[in-house]
Amino acid sequence: MAKSTLSADLRSGALVYHRLPKPGKLEIQATKPLGNQRDLALAYSPGVAAACEAIVEDPAEAAELTSRQNLVAVITNGTAVLGLGDIGPLASKPVMEGKAVLFKKFAGIDCFDIEVEQKNIEKFVEVVAALEPTFGGINLEDIKGPECFEIEEQLKARMNIPVFHDDQHGTAIIVSAAVLNGLDLAGKKIGDVKIVVSGAGAAALACLNLLVSLGARTQNIWVTDLDGVVYKGRNTLMDRWKEVYAQETQARTLAEVIPGADIFLGLSAAGVLKPEMAKEMAQKPLILALANPYPEIMPEEALAVRPDAMICTGRSDYPNQVNNVLCFPYIFRGALDVQATTINEPMKLAAVRAIAALAREATSDVAARAYGGEASTFGANSLIPNPFDPRLILRIAPAVAEAAMATGVAKKPLIDLEAYREDLSRFVFRSGFLMKPLFAKAKADPKRVIYAEGEDERVLRAAQIAIEEGMAIPILIGRPSVIETRVKRFGLTIRPGIDCELVNPEDDPRYRDYVQTYLDIAGRRGITPEAARALVRTNNTVIAALAVARGEADAMITGLEGRFLSRLRHIRDIIGLEPGVCDIAAMTLIITSKGAFFLADTHVKHDPTAEEIADMTILAAGHVERFGIAPKIALLSHSDFGAADTPSSIKMRKAVKLIQERAPELECDGEMEADTALLATIRDRVLPSSKLKGVANVLIFPNLDAANIAYQFAKVLADALPVGPILIGAAKPVHILTGSVTARGVVNMTAVAVAEAQGRAAAG
């Protein structure tokens, strides 16, 4: 076997990673409760018989009654593990587990990895074909060529579920997307270009087959391998798949066929393409040097002799990484969701075009963070998307599903493709479904949102999304030159000053007016003329708050940098409180695998009074309703319904009474322990007459310590996604975020702010 080139540090770390805290990378988890005898009777004997009988009567019921339709097998015999060669099935198991993890991580697909001790083609096919009742799809992996061609061909003929050899087709799809975009930039047509290939294994031949489907001509394709040029009449290292590309030629080496080539595709070995060969290629050549870890030519060597070249590698430390994770999870996602019987050529071509189109869009913040914080716009260094771009599933899966339906291989066609696209957002942003009502409201009537930290990358990305989706009219506070530079650096297409308004804190013509407004509002709260002039020049939160107070913006977002409480002080001074409200509070939404929960007060009041708790609860309920959720409110304590008479429990009891007097329509109760709030079975036993029914989704805490600790625990231990903090009680829509917020978090809070501004405008 080939020896890997891992450093000692990486090797040691990888072994620890696989060994601890438990061996391997996968485990099985039950999706249904097994907490009592009744659950056991439903899950297994005797209740399971009902599901079995239903499938006997209609085999299609297996997709609804079992996990089969979301279950893929990753199957290998370990004969061609990337970079390691024929290491056998047992040693390949860590790779297959890793592939299964990628399926789950990127597309929510469950996987069993299956390692088969069998090199005989017919026997291997028998093993895999016999597994069809278990799986919704088969991903063949790390099987050497040419056996892999025969295995896939036989399995596709025998099985009525998708069979996909990712080493072939995954690479081919990404390569084809890069070729489409590279040729477009070069101003060339695929039917005219000369393609030279080094390597004639499974991936290389699959790439050529797909390029031919896109319009490449076989007479323009030159293949080389260990025996040199593939030519007609050659008898060594030939097979029926390679024979398709045999040329009538006297040329025998790569050096002889490379001159004038528009595309070099390398899937062979390091250093095969010499700089002097690259120099002889056509103008604006596309070089795909995909050997790992060292490509056929290093990008810097190629660019030294051909600065006009566009280059792709298989490495993550260079632009244009050809990584199969770009497509295979999403192709299976689309195929499984329509119960496709195969993955055919039109489905693969649909994936190619979807990937190529995505590369032309502005790069997402997630992808940019994964690649050092900077992003490239579409061009020579950005022919294909980054593997961590979260939009891949939103583009590829629907394209594949649509192609499956169009070609008649979908057993369960989608009724509403647009609804399917929206449904897929759950794999991208866990807040997708919950935020949908607010995004819809925001798009219906966009409002002006001013961002105090307008130079921050997260704000710039959020502003672009807000503009593209028509959900807000951004106003950015920041130095124009800095914003212009960062927009270019991050690969964004927003045009500051054209697509959105800029407020330059160093030179804005409204400076004197803002100072006077500040003095008018806060002059009797300790703000002197000198302090007002200094703060309006230097404090972006003050500028944003004054813009909202003056009616020049409808809502504001601040807090990505600096201290929460210092910003809150300015908000209190300039924006003030809603009529009748005791003080401002903060509510944070956390989205967990168990559902969405709103926690208050997570950031402001250290020890709120009963009156303040009643205020924040009623205000919180109004915000929760904007999400399209009926608030079910629990006032929490360490005790249940009078079980203890401590100051905090007495306070929460008093707050409940105040809420019942002021807002009797709310489904609210307390004081109660957290498990009593979240488990109706406990609450029904403790107090069957409780007004609160089901699971509480709004949790009101007795003090800041309890609320913030609960929020932090949920965020870390439950892998919860936070949205907020959502400031409640201010006279106008203002929100102070925290330094850990992402660009998507800023987008979410923009929708919250716009929806709130709409509500206030409607109320007069």
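Please read all numbers here as calculations on a predicted model, not as lab measurements.
For D86 and T79, the side-chain atoms include no donor-acceptor pair closer than 3.5 Å.
E296 contributes a side-chain N or O that, together with a main-chain N or O of L267, makes up a donor-acceptor pair within less than 3.5 Å. In this structure, the side chain of E256 engages the main chain of T253 through a donor-acceptor pair within 3.5 Å. Between the side chain of R217 and the backbone N or O of D192 there is no donor-acceptor pair closer than 3.5 Å. Between the side chain of N320 and the backbone N or O of L288 there is no donor-acceptor pair closer than 3.5 Å. Although no hydrogens or angles enter the test, the distance criterion places a donor-acceptor pair under 3.5 Å between the side chain of D239 and the main chain of K242. The backbone N or O of D167 lies less than 3.5 Å from no partner atom in the side chain of E141, so there is not a single donor-acceptor pair. With hydrogens and angles disregarded, a donor-acceptor distance shorter than 3.5 Å links the side chain of D499 to the backbone of R495.
Every salt bridge (charged side-chain N to carboxylate O under 4.0 Å, His left out) that E115 has, sequence neighbours left out, goes to K93. The salt bridge (charged side-chain N to carboxylate O under 4.0 Å, His left out) test applied to R252 returns no partner, not counting sequence neighbours. Under the side-chain contact (heavy atoms from CB on, under 4.5 Å) criterion, D227 pairs with D225, R234, T236, L237, not counting sequence neighbours.
Within the 4.5 Å cutoff, the side chain of I109 has heavy atoms near those of the R333 side chain. Taking the side chain as every heavy atom from C-beta outward, I174 and F328 never approach each other to under 4.5 Å. Between L290 and P295 there is no side-chain heavy-atom pair separated by less than 4.5 Å. At a threshold of 4.5 Å between non-hydrogen side-chain atoms, the residues Y330 and L424 do not count as touching. Between L273 and S198, the closest side-chain pair of non-hydrogen atoms is not below 4.5 Å. Side-chain contact between R461 and V747: absent, with no pair of heavy atoms (C-beta onward) separated by less than 4.5 Å. A heavy-atom distance below 4.5 Å is not found between the side chains of I263 and V196. Taking the side chain as every heavy atom from C-beta outward, K99 and D166 approach each other to under 4.5 Å.
Screening V257, L208, T224, L205 for a side chain to side chain contact (heavy atoms under 4.5 Å, CB included) with V197, the sole residue that qualifies is L208. Each of E147, E153, E152 was compared with E150 under the side chain to side chain contact (heavy atoms under 4.5 Å, CB included) criterion, and only E153 meets it.
Of all non-hydrogen atoms in Y245 and W241, the two that sit nearest each other are CD1-O, 4.1 Å. Of all non-hydrogen atoms in G170 and F164, the two that sit nearest each other are N-CZ, 3.8 Å. Contact record, E345 with N209: OE2-O, 4.1 Å, taken as the closest heavy-atom pair. Taking both residues in full, the closest heavy atoms of N220 and G191 are given as ND2-O, 3.3 Å, listed atom of the first, atom of the second, then distance.
Relative orientation of the F103 and F332 rings is perpendicular, given thresholds of 30° and 60° on the angle between their planes.
A 6.0 Å sphere centred on CD1 of I498 holds more than 12 heavy atoms belonging to other residues, nucleotides or ligands. More than 12 heavy-atom neighbours from other residues, nucleotides or ligands sit within 6.0 angstrom of CD on E276. Around atom NZ of K188, more than 12 heavy atoms belonging to other residues, nucleotides or ligands sit under 6.0 Å away. Dense packing is recorded around NZ of K25, with more than 12 heavy atoms of other residues, nucleotides or ligands lying under 6.0 Å away.
Between R240 and E243 there is no salt bridge, since none of the side-chain N atoms of the basic residue sits less than 4.0 Å from a carboxylate O of the acidic one. Note on D184 versus K189: no salt bridge recorded, every NZ/NE/NH1/NH2 to OD/OE distance being 4.0 Å or above. Ionic pairing of K104 and D110 is present here: one or more N-O contacts between side-chain nitrogen and carboxylate oxygen are shorter than 4.0 angstrom. The pair E361-R395 meets the salt-bridge criterion, since a charged nitrogen lies less than 4.0 angstrom from a carboxylate oxygen.
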Subject >> Working for side-chain contact (heavy atoms from CB on, under 4.5 Å), residues V409 and M347 >> reply: CA-CA 10 Å; V409 300; M347 293 162 73; 3.9 Å; yes
**OP:** Tell me, with the steps shown, if Q247 and V229 meet side-chain contact (heavy atoms from CB on, under 4.5 Å).
**Re:** CA-CA 8 Å; Q247 294 279 17; V229 173; 5.5 Å; no
Original post:
Going through the checks in order, is the side-chain contact (heavy atoms from CB on, under 4.5 Å) test met by V230 and M238?
Top reply: CA-CA 8 Å; V230 174; M238 292 296 290; 3.7 Å; yes
